[in-house]
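Here the structure is laid out as structure tokens; the discussion comes afterwards.
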Amino acid sequence: MHPQWLGDGRAEDFLLPLMELGLGVLEFTLNLSSPDWPEMSALIKECHRLGFSLTFHAPYKGHYNPAGFSAGERDKVERLYRPALAYAARVAEEAGPTILVVHGAKGNSPREELRRDTRAFLAWILEEFPILRPSIELLVREEKANKIGDNKAELVDIVSGLGSPRVGICWDLGHDARNGSLPAPSGFMASVRHVHLHDISPDGLDHCPLIFGNVPYADHLRRLSQAGYRGPIILEVNGYSVSQLATARGMSPIQILQGNLSLLGAFRCQALS
């Protein structure tokens with residue numbers, strides 16, 4: 001969710017028609033240093049007032065990277081992340097235990113070192129912000145850097161090693177498709193606490209609405225439902241892409257969102273029946 005979705009309108013004018021289609025959870029990225037943060041913060045409060053459940057995504061661009069946390073960079077990383085996580089914790093004090101999506105450490109350091117950094121970072125969140133529920137995200141694999149969380153087995157290992165029911169996996173189905181949609185290892189489904197869903201365009205553009213059919217989300221969501229998953233499914237789509245696709249189809253962006261939510265609502269009803 002972002003203020004730009006609203007245009008010049010009010011949050012309730014945009015969101016309440018989508019709520020009627022099943023929208024109940026909104027995710028916000030915690031970019032406190034962004035110039036539009038005051039507007040974003042006001043929108044978060046308004047969405048809570050309107051009755052939506054809230055989830056947050058820890059900042060992850062630029063310097064935001066827990067690499068080095070288990071070594072000499074711990075103080076630096078804590079100072080970097082603390083304002084955003086403290087904000088999420090304050091909101092959670094009123095809203096209740098809240099999911100926080102987190103990216104693992106990345107870089108050119110040895111993979112095991114980055115795993116230690118990621119485990120230590122998540123352990124710090126669990127200790128420092130007990131009302132938050134960190135979910136480490138499945139990321140897209142890259143050749144030029146090690147990214148902790150770019151495979152399912154590694155996520156299971158990290159989450160199980162922490163031994164806390166408060167930590168889980170964010171299964172990004174679009175990222176999974178880009179990685180080849182490999183079979184889930186033992187323990188993966190039971191560890192999923194959060195889901196990101198988006199499509200991929202024929203030319204490889206990520207975070208598209210559910211139009212192209214390049215992400216086998218129906219199969220994944222069915223298996224999750226069979227495993228007992230009843231958590232959030234976040235339609236993580238890029239607003240600019242939605243607008244461009246809507247224009248190309250002679251539609252409005254809200255019509256694409258309504259179509260996607262109707263599709264998901266019908267699927268969930270079928271899966272739960």
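Side chains are part of it too, since the values below use all heavy atoms of this structure and drop only hydrogens, waters and symmetry mates.
- Between Lys106 and Glu142, no side-chain nitrogen of the basic residue sits less than 4.0 Å from a carboxylate oxygen of the acidic one, so the salt-bridge criterion is not met.
- Considering only heavy atoms from C-beta on, Phe52 comes within 4.5 Å of Met19 through its side chain.
- Contact check for Gln4 versus Tyr240: side-chain heavy atoms found under the 4.5 Å cut-off.
- Side-chain atoms of Ser181 and Asp176 form no donor-acceptor pair, as typed in the model, at a separation below 3.5 Å.
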May I have the step-by-step check of side chain to side chain donor-acceptor pair (under 3.5 Å) for His198 and Asn238, ending in yes or no? CA-CA 9 Å; His198 44 93; Asn238 182 290; over 6 Å; no

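- The residues Arg115 and Glu112 are annotated as salt-bridged, a charged nitrogen and a carboxylate oxygen being separated by less than 4.0 angstrom.
- Cluster annotation: Leu210 is connected to Leu21 through the hydrophobic network of ILVMFWY side chains, with a link wherever side-chain heavy atoms come within less than 4.5 Å.
- Without hydrogens or angle criteria, Arg166 side chain to Pro130 main chain gives a donor-acceptor distance under 3.5 Å.
- A salt bridge does not link Glu154 to Arg141: none of the charged nitrogens lies less than 4.0 Å from a carboxylate oxygen.
- Glu12 has a carboxylate O that lies under 4.0 Å from a charged side-chain N of Arg49, or vice versa, which qualifies the two as a salt bridge.
- For the pair Ile256/Ile211, a side-chain contact is recorded, criterion being any heavy-atom separation below 4.5 Å from C-beta on.
- Side chain of His175 to backbone of Leu138: a donor-acceptor contact under 3.5 angstrom is found.
- Contact between Leu15 and Cys47 at its shortest, heavy atoms only, is CD1-SG, 3.6 Å.
- With salt bridges taken as basic N to acidic carboxylate O contacts below 4.0 Å, one links Asp150 and Arg111.
- Both Met251 and Leu18 are part of a single hydrophobic cluster, where members link through side-chain heavy atoms under 4.5 Å apart.
- The shortest side-chain heavy-atom distance between Leu100 and Arg133 does not fall under the 4.5 Å cut-off.
- Following chains of ILVMFWY side-chain contacts shorter than 4.5 Å, one cannot reach Val25 starting from Leu221, and the two form parts of different hydrophobic clusters.
- Atom CD of Glu236 and atom SG of Cys208 lie 12.0 Å apart (nearest 0.5 Å).
- In terms of modelled atom types and a separation under 3.5 Å, the side chain of Asn146 and the main chain of Ser109 share a donor-acceptor contact.
- For the pair His48/Leu54, a side-chain contact is recorded, criterion being any heavy-atom separation below 4.5 Å from C-beta on.
- More than 12 non-hydrogen atoms from other residues, nucleotides or ligands lie less than 6.0 angstrom from CG of Asp203.
- Other residues, nucleotides and ligands contribute over 12 non-hydrogen atoms within 6.0 Å of the CZ atom of Phe212.
- Judged by distance alone, the side chain of Arg230 and the main-chain N or O of Ser225 form a donor-acceptor pair under 3.5 Å.
- Scanning all heavy atoms of the two residues, the minimum distance from Phe69 to Ala120 falls at CE2-O, 3.4 Å.
- Annotation: Tyr229 is not in aromatic contact with Trp171 [ring centroid separation under 6.0 Å not met].
- The two atoms that bring Val156 and Pro185 nearest to each other are CG2-CG, 4.2 Å, heavy atoms only.
- Nearest heavy-atom pair across Ile200 and Gly174 is CD1-O, 3.7 Å.
- At distances below 3.5 Å, not a single donor-acceptor pair connects side-chain atoms of Asn214 with backbone N or O atoms of Asp199.
- Evaluated for a ring-ring contact (aromatic ring centres under 6.0 Å, His included) with Tyr81, the options Tyr60, Tyr64, Phe56 yield exactly one hit, Tyr64.
- Look at Glu128 and Arg82 and you find a salt bridge, because one of the NZ, NE, NH1 or NH2 atoms lies within 4.0 Å of a carboxylate O, short of that distance.
- Of the N and O atoms on the side chains of Asp36 and Ser34, at least one donor lies less than 3.5 Å from an acceptor on the other residue.
- The shortest heavy-atom contact between Ser135 and Ile99 is OG-CG2, 3.9 Å.
- Between His207 and His196, the distance separating the two ring centers is not shorter than 6.0 angstrom.
- The aromatic ring centroids of Trp124 and Phe129 lie less than 6.0 Å from each other.
- Taking 4.5 Å as the limit, every side-chain heavy atom of Asn151 sits out of range of all side-chain heavy atoms of Asn179.
- Of the possible donor and acceptor atoms, none in the side chain of Ser191 sits under 3.5 Å from a partner among the backbone N and O of Ile169.
- Here the side chains of Asp157 and Arg119 are in contact, with some heavy-atom distance below 4.5 Å.
- If you take CD1 on Ile131 and CD on Glu94, they are separated by 10.5 Å, rounding to the nearest 0.5 Å.
- Between Ile136 and Leu122, the closest side-chain pair of non-hydrogen atoms falls below 4.5 Å.
- The heavy-atom pair separating Thr98 from Ala92 by the smallest distance is OG1-CB, 3.3 Å.
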Determine, step by step, whether His103 and Glu137 satisfy the side chain to side chain donor-acceptor pair (under 3.5 Å) criterion, reporting the C-alpha distance in whole Å, the side-chain angles of both residues, the deciding distance to 0.1 Å, and the verdict. CA-CA 6 Å; His103 284 193; Glu137 184 172 350; 2.9 Å; yes

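- Leu264 and Ile234 end up in different hydrophobic clusters when Ile, Leu, Val, Met, Phe, Trp and Tyr side chains are linked at under 4.5 Å.
- Cluster annotation: Leu139 is not connected to Leu155 through the hydrophobic network of ILVMFWY side chains, with a link wherever side-chain heavy atoms come within less than 4.5 Å.
- Checked by atom type and distance alone, the side chain of Ser41 never pairs as donor or acceptor with a backbone atom of Trp37 at under 3.5 Å.
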